[in-house]
Amino acid sequence: MKCELLANCAFYQKKMPIESGLGAIYRQNYCEADKTKCARYIVATTLGRQHVPVDLYPNMHERAKKIIAGK
Ligand code: SF4
């Protein structure tokens with residue numbers, strides 16, 4: 001199921017072209033396949049979207065854990 005945050009996801013809006021290269025791979029693997037594995041999605045749904053750093057990549061799970069832990 002597609003991620004409902006895609007249209008407004010700062011990661012794509014500001015950092016990475018969504019249709020090419022890495023952006024396309026992330027989009028396939030996370031945004032269109034399993035958003036629940038996306039580090040951005042996890043932080044957004046746990047703490048709120050305002051706590052998601054612009055440069056947090058979908059695969060940065062360790063960083064996401066630290067953000068959630070408040071470190
Ligand atoms: S990067 Fe994560 S939060 Fe952003 S649209 Fe994709 S799955 Fe959703």
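Side chains are part of it too, since the values below use all heavy atoms of this structure and drop only hydrogens, waters and symmetry mates. These numbers come from a predicted model, not from an experiment. Residue numbers start at 1 and run along the sequence shown. Order of listing sets the numbers, starting from 1, for every ligand and every atom in it.
- Between the CD atom in Gln28 and the CG atom in Asp34 there is a gap of 14.0 Å [rounded to 0.5 Å].
- Listed by atom number, the atoms of ligand 1 under 4.0 Å from Leu6 heavy atoms are 5 (S).
- For Cys31, every N, O or S atom stays at 2.8 Å or more from atom 8 (Fe) of ligand 1.
- Of the protein's non-hydrogen atoms, Cys3 SG, 2.3 Å is the one closest to atom 8 (Fe) of ligand 1.
- Of all heavy-atom pairs spanning Arg49 and Cys9, the tightest one is NH2-N, 3.9 Å.
- For ligand 1, the atoms closer than 4.0 angstrom to any heavy atom of Cys9 are 1 (S), 4 (Fe), 5 (S).
- Hydrophobic cluster membership is shared by Val43 and Phe11, with clusters built from Ile, Leu, Val, Met, Phe, Trp and Tyr side chains linked at under 4.5 angstrom.
- Under 4.0 angstrom from ligand 1, the non-hydrogen atoms of Cys38 all belong to its side chain.
- Residues Tyr30 and Leu56 are members of one and the same hydrophobic cluster, defined by side-chain heavy-atom contacts under 4.5 angstrom among Ile, Leu, Val, Met, Phe, Trp and Tyr.
- The CZ atom of Arg27 sits 5.0 Å away from atom NZ of Lys2, with the distance rounded to the nearest 0.5 Å.
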